[in-house]
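What follows is a set of notes on a single structure, which appears directly below.
Note: hydrogens, waters and symmetry copies are ignored here, and every other heavy atom, side chains too, is used. Atoms within a ligand are numbered from 1 in the order they appear, just like the ligands themselves.
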Amino acid sequence: MDKKTIFSLIDENESGLKEMAFDLWAHPEISHEEYRSSKLQKDYLAARGFTIREVLNNPTSFIAEFGSGRPILGITGEYDALPKLSQKVSSCQEPLTSPDDAGHGCGHNLLGTGGVGAVCAVKECMEKEGLAGTLRYYGCAAEETLAGKPLMAKEGVFDDLDACISWHPSFLNVLWGCDFMAMNSMKFRFKGTPSHAAAAPEAGRSALDAVELMNVGANYLREHVVDAVRIHYAITNGGGLPNTVPADAEVWYYIRAPKRQDVRDTAARLIKVAKGAALMTETDMSYELLAGCYNVLPNRAIGNAMYENMCAAGSPGFGEEEFSFAAEFAAKLSPEAKRSVMETYFAPPEAAKMILCNEVLKNFDDGKLMCGSTDVGDVSYIAPFAQMTAACWPVGIASHTWMASACTGSSIGVKAMLFAAKSMAATVYDLFTKPELLAEARAEFEQATGGEAYCSPFDE
Ligand SMILES: [Zn+2]
């Protein structure tokens, strides 16, 4: 099937996809609470002939499947929103409901719906051409807390994939070639002995002392870890009252590093620091891994195919309406804020001159390391994986902002989403019909991972 025909399959579903994207946007749900959002997608896919499988350890995740046998190809989608980013489709900051409510400031309403659109188009190709194989859409909950996909991976749901792709809303249309930081999110809890702080301090053992000593230890640890490691913490329970020796205290740590192994090593040493703090203060320590993820391994063979399909799809096709809406935001963006966002994404200087990106850029971030983290990294260490970004908001706007929330509910977001859906559908079609591409992707994957098996951070 030629690519234009595949693209037209997305266009035919435009109104349904638009409706889904706007519906998710208008009913934002944060991580682990995406019951309505996941149901909306499940019902849509079930009505189109996909078999729905639940994910046992993650009730708001699911898998929609069509076909049988090999190859097994997947697209991952997300639909969780972010707290306190409620915003109208407006260039003035104005919450849609209340400032405390959630909003789609990372565009996951578009991310998930773009994936749904792509698999529906590929399914039609498979039926028309009698293509063999299995097609899957992974409805992935809780990306924002980085717990969703590692929990799914713990259950082995990605293990038999031959390849997987995805996309993410951003401000440029480009193949995403960069790596991201692996991460652990951990809480350390200390239990001491309460006592009157003035009358009988000798009888008390302070859990807060333990937290403070742990933080001192962690700050000394920084000098002796690999350069790129980042350790951040917040005291989430400091004890409460000064006149009672605190019996309970808690500190929340993030550890980020360029490779999963560096996170594992640093976490193991941080646990020793926590044990030391407990020993010094005669308190009891326990810890919990809230989330953990791998860094990202982009597959260049699939990425090259994806880039060609992005070029074939052309552009999001923004018109006057989108450019004038984008100009309203551009007028409010300070040059410093724009420069900082461009640097974070390694964007070339010519991109900074744009207000809204309506073309496909050549990759510029291959081999670079992004400072953030994403749980799609876990999938990239289980099967060959590539992803792209599409311009869902004006150039220089950061994700996780009210400005991004405003645009992901606008025609800018939807047009970019349809462009991403076309690029992804054509790429999965290539993977179904070109065994040599799949073989090349697999060989690259084996070489990059050295055959080392994936282990979910929850099983480490
Ligand atoms: Zn996101």
**Request:** Could you please tell me which protein N, O or S atoms lie under 2.8 Å from the Zn ion (ligand 1)?
**Result:** C106 SG, H108 NE2, H168 NE2
**Message:** Would K154 and F458 count as a cation-pi pair here, with the cationic atom under 6.0 angstrom from the ring centre and within 45° of the axis?
**Reply:** no
**Message:** Tell me whether R48 forms a cation-pi arrangement with Y44, defined as NZ or CZ under 6.0 Å from the six-membered ring centre and within 45 degrees of its axis.
**Reply:** yes
**Message:** Can you classify the ring geometry of W176 versus Y345 as parallel (below 30°), tilted (30 to 60°) or perpendicular (above 60°)?
**Reply:** parallel
**Request:** Could you note down all residue pairs passing ring-ring contact (aromatic ring centres under 6.0 Å, His included) where residues 365-424 supplies at least one of them, sequence neighbours left out?
**Result:** Y294-Y381
**Asked** Heavy-atom count around E321 CD within 6.0 Å, excluding the residue itself: above 12?
**Response** no
**Prompt:** Does any donor atom in the side chain of T60 or S38 lie under 3.5 Å from an acceptor atom in the other side chain?
**Reply:** no
